[in-house]
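Numbering starts at 1 and runs along the sequence shown. Note that this is a predicted model, so its numbers are computed, not measured.
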Amino acid sequence: MTTYLPNLRDVGGLPVPGGGRVRAGRVLRSAAPMAGDAVPEGLVWPPAVVLDLRSAGELGSVHPLAGPSTRVVNVPLLEALRPDAHPVRDLTDLYRVMLDHSSERFVDVLREVADTDGPALLHCAAGKDRTGVSVALVLRLLDVEHEHVVADYLATEKEYDAIDARLSQGPGAANRANLPASFFTTPVEAIESVLERWDAADGGVEGWAVRAGADEKLLDRLRTSLVG
């Protein structure tokens, strides 16, 4: 039986104020790939770069997409999380911790996406939380409106069965049993809290990114590369 890569989609086509759209074939998102995954027709593939947002304990020995035409970069967005120092009750807390303690790594994601000539695939385990916040940051820096960012985040709901099957396999499967059931949902208030955090920052989302280590040249490259 053919197994498709769960939660895989291209965020291209989303409207940008002023008449532009996010370019198709530039930012892809998914759950963790496995060897032999099929990819839907019409999707630009393979990615030029894969941004694996998982931590060391979730990684296998070799990424299944690594190859001559695909570079794999590990950007572990939750590696700074220490449960004793940063208690996490729900996904809103988890996203807050990521923004507070992994801001420089989010800039690494932006840099790879902006400077890659071809598709960039962002994934974690489910393609929902670390991936969702990273993609939301890219989209907001392109001025994509909140409603479209939230809709993209919520699109993961349709993939729960496939994601659940995928999470039961692989190096990180043992971690799944230790997480509360609420962590396997897509609460709209969690992603909205991220968007509100960026909006409230001095200078908005751009100001937040600059303080995290981005500069105007990087943000300009991101827009030039991804909006058409």
Quick one: does [X]'s side chain have a donor or acceptor within less than 3.5 Å of a partner on [Y]'s backbone?
X: Arg26; Y: Thr116; value: yes
X: Arg166; Y: Leu5; value: no
X: Asn74; Y: Asp52; value: yes
X: Arg211; Y: Asp202; value: yes
X: Arg111; Y: Leu218; value: no

Least distance between heavy atoms, [X] atom then [Y] atom:
X: Ser55; Y: Leu78; result: OG-C, 3.9 Å
X: Pro119; Y: Pro46; result: CG-O, 4.0 Å
X: Trp208; Y: Ala201; result: CB-CB, 4.1 Å
X: Leu121; Y: Trp45; result: CD2-CH2, 4.0 Å
X: Val133; Y: Trp198; result: O-CH2, 3.7 Å
X: Arg29; Y: Asp152; result: NH1-OD2, 2.6 Å

*Could you check Thr185, Asn7, Asp129, Thr131 and say which one makes a side-chain hydrogen bond (donor to acceptor under 3.5 Å, both in side chains) with Thr156?*
Asn7
How long is the span from the [atom1] atom in [X] to the [atom2] atom in [Y], to the nearest 0.5 Å?
X: Leu43; Y: Ser30; atom1: CG; atom2: OG; result: 9.5 Å
X: Ser103; Y: Asp100; atom1: OG; atom2: CG; result: 8.5 Å
X: Ser102; Y: Glu79; atom1: OG; atom2: CD; result: 8.5 Å
X: Thr186; Y: Lys158; atom1: OG1; atom2: NZ; result: 11.5 Å
X: Ser225; Y: Asp117; atom1: OG; atom2: CG; result: 8.0 Å

_Non-neighbouring partners of Asp10 that pass salt bridge (Lys or Arg N to Asp or Glu O under 4.0 Å), sequence neighbours left out_ = none
*Looking at residues at least two apart in the chain, or sitting in another chain, which of them share a salt bridge (Lys or Arg N to Asp or Glu O under 4.0 Å) with Asp115?*
Arg221
Electrostatic pair [X]:[Y] at N-O distance under 4.0 angstrom:
X: Asp215; Y: Lys217; answer: no
X: Asp108; Y: Arg105; answer: no
X: Glu159; Y: Lys128; answer: no
X: Arg223; Y: Asp143; answer: no

Identify whether [X] and [Y] are in the same connected component of the hydrophobic contact network (ILVMFWY, side-chain heavy atoms under 4.5 Å).
X: Ile163; Y: Leu8; value: no
X: Val49; Y: Val39; value: no
X: Phe106; Y: Val144; value: yes
X: Leu77; Y: Val72; value: no
X: Leu51; Y: Tyr95; value: yes

[Y] and [X], any side-chain heavy atoms less than 4.5 Å apart:
X: Tyr160; Y: Pro6; result: no
X: Leu122; Y: Val113; result: yes
X: Asp37; Y: Pro64; result: no

*Name the orientation class of the two ring planes belonging to His63 and His123 (parallel below 30°, tilted from 30 to 60°, perpendicular beyond 60°).*
tilted
*Might you work through the salt bridge (Lys or Arg N to Asp or Glu O under 4.0 Å) test for Arg96 and Asp93, ending with a clear yes or no?*
CA-CA 5 Å; Arg96 172 186 53 79; Asp93 280 348; 3.7 Å; yes
*Yes or no on side chain to side chain contact (heavy atoms under 4.5 Å, CB included) for Leu99 and Arg197, after CA distance, side-chain angles and deciding distance?*
CA-CA 9 Å; Leu99 294 180; Arg197 172 81 172 270; 3.9 Å; yes
*Can Asp199 and Arg140 be said to form a salt bridge (Lys or Arg N to Asp or Glu O under 4.0 Å), step by step?*
CA-CA 10 Å; Asp199 285 348; Arg140 285 299 295 135; 3.5 Å; yes
_Is it the case that atom CD in Glu157 sees more than 12 heavy atoms from other parts of the structure closer than 6.0 Å?_
yes
*Tell me, with the steps shown, if His146 and Val149 meet side chain to side chain contact (heavy atoms under 4.5 Å, CB included).*
CA-CA 5 Å; His146 283 209; Val149 177; 5.7 Å; no
_Test log, rule side chain to side chain contact (heavy atoms under 4.5 Å, CB included), inputs Val210 and Leu219_ = CA-CA 9 Å; Val210 168; Leu219 300 183; 4.2 Å; yes
*Could you please spell out the steps behind the side chain to side chain contact (heavy atoms under 4.5 Å, CB included) verdict for Val22 and Val138?*
CA-CA 10 Å; Val22 179; Val138 171; over 6 Å; no
